[in-house]
Amino acid sequence: MENTERERLYEQDLERIKALRLFDDDFLALVFEDNIEATELLLNIIFDRDDMKVSKVVKQREIKGVEGHSVRLDILAEDSDHKIYDIEIQRQDKGNLPLRSRYYSSMADTTLLKKNEDYNFLVPTYVIFFTETDTFKDGKPLNHYVMKEMESNALLGDERHIMFINGENNNEETALGKLVHDFKCNSADNMYYDVLANRVRYFKEEGGVQSMCKILEDMRNEVAKIVERRTAIITLIEAYRDIDMDESEIKDRVMKKFNLSSEETKEYMFGKSA
């Protein structure tokens, strides 16, 4: 019976792998992990250049907030000029994307300075969102934002950039349109760029399939642990309330037992609107 269940899950995983696209953030991170060639291709297309060189690229780096919300960056890359690029996927129109981009930009900055270092050590940063829909409904293939003075339009010079790539851009006569097309493909055979297609094919059809199955299994196990932990936290809160324990004491005890921040504990106790 156990083998039958394992085989069923394996077949499900194979079907999930077939459906994956670069617009799936976990798959994107896997394809681009340590993949300097693919990252250089992506950045050169976005910035309409042919000379950009990437020195380092890592996947899904988590940055913890001092109090409350943390973020997991999909792709974090550095070029030969030490500029930093955070490349993110936004699948659906949920949440306030401009505010989300602001937060991601600020969190990326927290990784750039060591204690007591001068602000001059801050390098230019680019937070780049690939959005599945036309976020701003203006039909532009790319929106690029920087901080400017309202009246004179003069640049502030903080060297912080936020960019949005329109996933509804279907103009495949342009390099960026071809790139967006490749992000929406679930078959390597239909992709324009070989450097992306070859990596996608590896994980979907060749030696990387077993690695993908292991990743999906690990994800299932991780979700199970998250659900188990959440259930334990909520059960303990309800138990304390059943004995009429003071809310502030409940908060302190739950924070300590589960190593939660104050904001996380409030969410468990009162919901996200608290």
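FYI, the numbering just counts along the sequence from 1. Just so it is clear, the values below take in all heavy atoms, side chains as well, and ignore hydrogens, waters and symmetry mates.
Between F32 and F183, the ring planes lie tilted relative to each other; the angle falls in the 30° to 60° range. Between H161 and H144, the two ring planes are tilted [angle within 30° to 60°]. Ring pair F164/F129 is parallel by interplanar angle, where below 30° counts as parallel and above 60° as perpendicular.
Two rings, from Y126 and F47, have their centers less than 6.0 Å apart.
There is no side-chain donor-acceptor pair under 3.5 Å between E249 and Y240. Looking only at atom types and distance, the side chain of K251 has a donor-acceptor partner in the side chain of S262 under 3.5 Å away. Checking D79 against Y85 by side-chain atom types alone, a donor-acceptor pair falls below 3.5 Å. At a cut-off of 3.5 Å, with distance as the only test, no side-chain donor of T231 or E228 sits close to an acceptor on the other residue. For the residue pair N143 / D138, a side-chain donor-acceptor distance below 3.5 Å is found, with atom types taken as modelled. With no hydrogens or angles considered, a side-chain donor-acceptor pair links K184 and N170 at under 3.5 Å.
When the shell of 6.0 Å around CZ of R102 is examined, it contains 12 or fewer heavy atoms from other residues, nucleotides or ligands. Atom CG of D48 has 12 or fewer heavy atoms from other residues, nucleotides or ligands within 6.0 Å. For M245, the CE atom is densely surrounded, since the number of other residues' heavy atoms within 6.0 Å is greater than 12.
A heavy-atom distance below 4.5 Å is found between the side chains of V180 and I165.
Under the 4.5 Å side-chain heavy-atom criterion for grouping Ile, Leu, Val, Met, Phe, Trp and Tyr, L122 is connected to Y103 within one hydrophobic cluster. Both V200 and I36 are members of a single hydrophobic cluster when ILVMFWY side chains are connected at heavy-atom separations under 4.5 Å.
Looking at every heavy atom in both residues, L28 comes nearest to D74 through CD2-CB, 4.4 Å.
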Original post:
After noting the C-alpha distance and the side-chain angles of N166 and L142, does the key distance pass the side chain to side chain contact (heavy atoms under 4.5 Å, CB included) rule?
Top reply: CA-CA 6 Å; N166 181 3; L142 184 153; over 6 Å; no
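Salt bridge annotation for E168-K140: absent, with no cationic side-chain nitrogen under 4.0 angstrom from a carboxylate oxygen. A salt bridge links E132 with R91; the closest basic N to acidic carboxylate O contact falls under 4.0 Å. The residues E159 and K83 are annotated as not salt-bridged, no charged nitrogen and carboxylate oxygen being separated by less than 4.0 angstrom.
For Y145, the side-chain hydrogen bond (donor to acceptor under 3.5 Å, both in side chains) test picks out no residue, with sequence neighbours left out. Looking at residues two or more places apart in sequence or on another chain, you find a side-chain hydrogen bond (donor to acceptor under 3.5 Å, both in side chains) between D118 and N120.
Of the inter-residue distances, the one linking D26 atom CG with L20 atom CG reads 8.5 Å to the nearest 0.5 angstrom.
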